Amino acid sequence: MQPINFEEVLEQIIIKDGRYQREAYYFLREALDHTQKMLAKASRTAELRHITGKELLNGVREYALNQYGPMALMVLNEWGIQKCEHIGDIVFNMVEHQLLSKTEQDNRADFEGGYDFEEAFRAPFLPSASRKPSGPEEVGRQA
């Protein structure tokens, strides 16, 4: 069996679905690697495992913030990624072309309503008085 050439397959994906820039696919692959390593470190094992859509969304957020800081939202938007569902679309484009694998439990719905991009990528860089409370611990701090 011939190994899959990422570049060639990516070209096919972009021809079929031109909504997302090439960089979005590279970013997602890097964010997936980051997420797997982050989860392995948290579980104190070197073993990489399959990750869920929710875990990937959290990893994407962390990786984007680490890589692009306050520019993360703008960069993602430039690549066509404006909400969590778009991350799911990219994942499943890659699954359909055998660049990623999935389990029977994985589906596009795993990426629906994950988090608000404005809140996830802009709020961490706003002065604390400008931030909206995001949970009970935030409400208590602002009172």
Side-chain angles (χ1 to χ4, degrees), residues 1-14 17 19-143:
M1 190 164 127
Q2 188 172 350
I4 295 175
N5 181 310
F6 186 81
E7 277 296 320
E8 290 174 9
V9 175
L10 185 54
E11 191 62 36
Q12 294 171 10
I13 293 172
I14 292 170
D17 182 354
R19 294 178 293 168
Y20 309 106
Q21 299 293 314
R22 176 179 304 277
E23 292 85 355
Y25 290 90
Y26 281 105
F27 168 78
L28 187 73
R29 194 167 78 165
E30 292 168 4
L32 176 63
D33 289 344
H34 167 80
T35 305
Q36 286 180 315
K37 289 174 187 169
M38 177 183 70
L39 292 172
K41 185 176 180 179
S43 68
R44 298 178 188 211
T45 176
E47 186 176 318
L48 299 180
R49 64 169 177 80
H50 180 79
I51 61 174
T52 66
K54 183 177 180 175
E55 289 170 331
L56 179 57
L57 288 176
N58 289 331
V60 163
R61 178 177 44 207
E62 180 179 297
Y63 187 69
L65 290 170
N66 288 342
Q67 292 297 304
Y68 306 110
M71 301 295 289
L73 182 63
M74 187 182 81
V75 170
L76 293 173
N77 286 179
E78 181 69 24
W79 294 337
I81 305 172
Q82 300 169 341
K83 55 186 179 177
C84 292
E85 289 85 344
H86 294 163
I87 295 168
D89 291 342
I90 292 169
V91 165
F92 278 88
N93 281 347
M94 294 173 80
V95 166
E96 289 166 15
H97 288 84
Q98 284 99 39
L99 292 176
L100 295 177
S101 61
K102 73 175 198 76
T103 67
E104 289 294 319
Q105 293 79 33
D106 295 327
N107 62 64
R108 289 179 191 265
D110 298 338
F111 296 90
E112 292 175 6
Y115 47 77
D116 177 81
F117 266 43
E118 285 285 324
E119 190 66 27
F121 297 111
R122 189 159 295 179
F125 302 101
L126 294 174
S128 59
S130 301
R131 291 187 196 164
K132 289 188 257 178
S134 59
E137 67 282 349
E138 282 290 319
V139 173
R141 271 192 243 145
Q142 291 191 1

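Values in this document were obtained by computation on a predicted structure and should not be read as measured data.
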Requested in this report: Working to the nearest 0.5 Å, report the span between CG of Asn77 and CE of Met71.
Outcome: 11.0 Å
Query - CD on Glu85 to CG on Leu57, rounded to 0.5 Å - result: 9.0 Å
Query - side chain to side chain donor-acceptor pair (under 3.5 Å) partners for Glu104, two or more places apart - result: none
Query - Partner residues of Phe117 under the ring-ring contact (aromatic ring centres under 6.0 Å, His included) criterion, sequence neighbours left out - result: Tyr115, Phe121
**Report entry** Which residues share a salt bridge (Lys or Arg N to Asp or Glu O under 4.0 Å) with Glu8, sequence neighbours left out
**Finding:** none
Query raised in the report: Can you tell me how far CD of Gln82 sits from CD of Glu118, rounded to the nearest 0.5 angstrom?
Result: 10.5 Å
Requested in this report: Output the distance between atom CD1 (Ile51) and atom CG (Leu56), rounded to the nearest 0.5 Å.
Outcome: 4.5 Å
Query raised in the report: Should the heavy atoms of other residues, nucleotides or ligands under 6.0 Å from NZ of Lys102 be counted, would the total exceed 12?
Result: yes
**Report entry** Interatomic spacing from CG in Asp110 to OG1 in Thr52 - rounded to 0.5 Å
**Finding:** 7.5 Å
Report summary line: By side chain to side chain donor-acceptor pair (under 3.5 Å), Glu11 pairs with (sequence neighbours left out) Arg22
Donor-acceptor pairs under 3.5 angstrom involving side-chain atoms of residues 58-67: please list them, not counting sequence neighbours.
residue	atom	partner	partner atom	Å
Asn58	OD1	Arg61	NH2	2.8
Asn58	ND2	Lys54	O	3.4
Glu62	OE2	His34	NE2	2.8
Tyr63	OH	Glu30	OE1	3.0
Asn66	ND2	Glu62	O	3.3

Output side-chain donor-acceptor pairs under 3.5 Å for residues 88-100, partner residues at least two apart or in another chain, one line each.
residue	atom	partner	partner atom	Å
Asp89	OD1	Arg108	NH1	3.0
Asp89	OD2	Arg19	NH1	3.1
Asp89	OD2	Tyr20	OH	2.8
Asn93	ND2	Asp17	OD2	3.0
Asn93	ND2	Tyr25	OH	2.9
Glu96	OE2	Arg108	NH2	3.0
His97	ND1	Asn93	O	3.0

Query raised in the report: Counting N and O atoms only, with roles assigned by atom type, does the side chain of Asp116 sit under 3.5 Å from a partner on the main chain of Ala120, one being a donor and the other an acceptor?
Result: no
Report task. For Ala109, enumerate each residue passing the side chain to side chain contact (heavy atoms under 4.5 Å, CB included) test, keeping only those at least two apart in sequence or located in another chain. Result -> Asn107, Glu112
Query - Set of residues satisfying ring-ring contact (aromatic ring centres under 6.0 Å, His included) with respect to Phe111, sequence neighbours excluded - result: none
Report summary line: Across all chains, not counting sequence neighbours, the salt bridge (Lys or Arg N to Asp or Glu O under 4.0 Å) partners of Arg49 are Glu55
Query - Under the side chain to side chain donor-acceptor pair (under 3.5 Å) test, residues paired with Thr103 that sit two or more places apart - result: Gln105, Asp106
Query - Pairing residues for Ser101 by the side chain to side chain contact (heavy atoms under 4.5 Å, CB included) criterion, not counting sequence neighbours - result: none
